[in-house]
There are 2 protein chains.
Amino acid sequence: MQDDHLANMLRALGHPARLNILRILAERQKNCCCADVTQCLPLAQSTVSQHIKVLLEVGLIECRSQGTKNCYVVRPDALSGLQGAFGDLTGELLGAKQE
Amino acid sequence: MQDDHLANMLRALGHPARLNILRILAERQKNCCCADVTQCLPLAQSTVSQHIKVLLEVGLIECRSQGTKNCYVVRPDALSGLQGAFGDLTGELLGAKQE
DNA sequence: TTCATTCATCGTCAAACACCGATATAAGCC
DNA sequence: GGCTTATATCGGTGTTTGACGATGAATGAA
């Protein structure tokens, strides 16, 4: 994974509200729309929508329109890709230290 | 780890220059001062110093003054703590999805 | 058609970020 | 005391972020 992309994903995760949103989406899998998330957080709907947009843009979640509402779901492939890249990074940082 | 702290650490990693700085520090272990890092990057010394400050503030690196120069080193304990918290997070997000 | 629901987007504002050059500050050397 | 080196910090500038309310667009129900 490119450094820029890794940094973008980490930056996207670098806000407590977005961590919460991801957890909410993972928990309520497939039946969670923007309004549901907003109910769980002390934020305005427009603010939640912006946070969701950030997560969409880096590909960590995707949108599945279902009738009148949009269901957001975590993308496992993106998450495991990130997991791998993050593992490489920490391995590099820790590994180089003890050599 | 608190969500806020995790988010702060991820945000600190969420910039390509800081990822580079960490790699440089890990590679040149114990003999890397601010000027050395600056030589490796297309940034001014003051900018590099600020990036280093961000990494210091979240505890990912520490400063060991050696004579006239400051040597910065990656903190393996902080990194493995982050590794653990990140693993918990992705596990939670991925695990909840396939249950 | 009219109304309600859901959501994205717009405009705005204050705060934070990223970058720079310039200026301290502090330590070691001559 | 002066000089160099290494670094932090200051002041400034332009960009981005995070938040909000308000508005628009799309869908489905009455």
Side-chain angles (χ1 to χ4, degrees), chain A residues 3-25 28-74, chain B residues 3-25 28-74:
Chain A
D3 246 30
D4 277 6
H5 190 210
L6 176 57
N8 278 336
M9 285 191 138
L10 292 174
R11 200 180 50 75
L13 291 178
H15 192 290
R18 290 194 285 265
L19 290 181
N20 271 326
I21 290 175
L22 284 176
R23 290 216 184 83
I24 292 166
L25 294 184
R28 302 232 204 143
Q29 35 187 346
K30 310 245 175 197
N31 282 317
C32 206
C33 63
C34 181
D36 295 332
V37 177
T38 304
Q39 271 194 328
C40 301
L41 297 174
L43 295 172
Q45 177 267 322
S46 56
T47 305
V48 172
S49 188
Q50 283 191 3
H51 282 305
I52 286 177
K53 190 180 180 185
V54 172
L55 295 172
L56 279 173
E57 278 170 352
V58 299
L60 278 171
I61 63 176
E62 66 184 324
C63 176
R64 306 189 179 185
S65 303
Q66 286 197 349
T68 176
K69 55 173 66 173
N70 290 357
C71 289
Y72 297 99
V73 290
V74 175
Chain B
D3 246 30
D4 277 7
H5 190 210
L6 175 57
N8 278 336
M9 284 190 139
L10 292 174
R11 200 181 49 77
L13 291 179
H15 193 290
R18 290 195 286 265
L19 290 181
N20 271 326
I21 290 174
L22 284 175
R23 290 216 184 83
I24 292 165
L25 293 184
R28 302 231 203 145
Q29 34 188 344
K30 311 247 176 196
N31 281 316
C32 206
C33 64
C34 180
D36 295 332
V37 177
T38 304
Q39 270 194 330
C40 301
L41 298 174
L43 295 172
Q45 177 267 323
S46 56
T47 304
V48 172
S49 187
Q50 283 190 0
H51 282 303
I52 286 176
K53 191 179 179 185
V54 172
L55 294 172
L56 279 172
E57 277 169 355
V58 299
L60 278 171
I61 63 175
E62 65 184 324
C63 175
R64 305 190 180 184
S65 302
Q66 285 198 350
T68 175
K69 56 173 64 174
N70 289 358
C71 289
Y72 298 100
V73 290
V74 174

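Chain A is the first sequence line, chain B the second, and so forth, proteins listed ahead of strands; every chain is numbered from 1.
Looking at every heavy atom in both residues, A/G14 comes nearest to B/L10 through CA-CB, 4.1 Å.
The nucleotide whose nearest atom lies closest to any side-chain atom of A/S49 is, among C/dT6, C/dA8, D/dT7, C/dA8. Here the side chain of A/C33 is nearest to one of D/dA6, C/dT9, C/dC7, namely C/dC7.
Expressed to the nearest 0.5 Å, how far CG of A/D36 lies from CD1 of A/I24 amounts to 9.5 Å. From B/R64, atom CZ reaches atom SG of B/C32 across 13.5 Å, with rounding to the nearest 0.5 Å.
With contacts defined as side-chain heavy-atom distances shorter than 4.5 Å, the pair A/K53/A/S49 does not qualify.
Screening A/L13, A/V54, A/I61 for a side-chain contact (heavy atoms from CB on, under 4.5 Å) with A/R18, the sole residue that qualifies is A/V54.
Remark: C1' of D/dT9 and CD1 of B/I52 are 14 Å apart, rounded to the nearest angstrom. One interatomic measurement links the two molecules: NZ of B/K53 to C1' of C/dC19, which rounds to 15 Å at whole-angstrom precision. One interatomic measurement links the two molecules: CG of B/L56 to P of D/dT9, which rounds to 10 Å at whole-angstrom precision. In this structure, the CG atom of B/L41 is 16 Å from the C1' atom of D/dT7, given to the nearest Å. When rounded to the nearest whole Å, the span between CG of A/D36 and P of C/dT6 equals 8 Å. Summarising the geometry, the separation between CG on B/L19 and P on C/dA18 is reported as 12 Å, rounded to the nearest angstrom. Per the geometry, NZ belonging to B/K69 stands 18 Å off C1' belonging to C/dT25, to the nearest Å. Spacing between atom CD1 of A/I21 and atom C1' of C/dC7 amounts to 14 Å, rounded to whole angstrom units.
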>> Return a single string for nucleotides 18-30 of chain D, one symbol per nucleotide in 5' to 3' order, where B is base contact, S is sugar-phosphate-only contact and - is none, cutoff 4.0 angstrom on heavy atoms.
In response: SBBBB-----S--
> What's the verdict on side chain to side chain contact (heavy atoms under 4.5 Å, CB included) for A/H51 and A/N20, showing C-alpha distance, side-chain angles and the deciding distance?
Replying inline: CA-CA 10 Å; A/H51 282 305; A/N20 271 326; over 6 Å; no
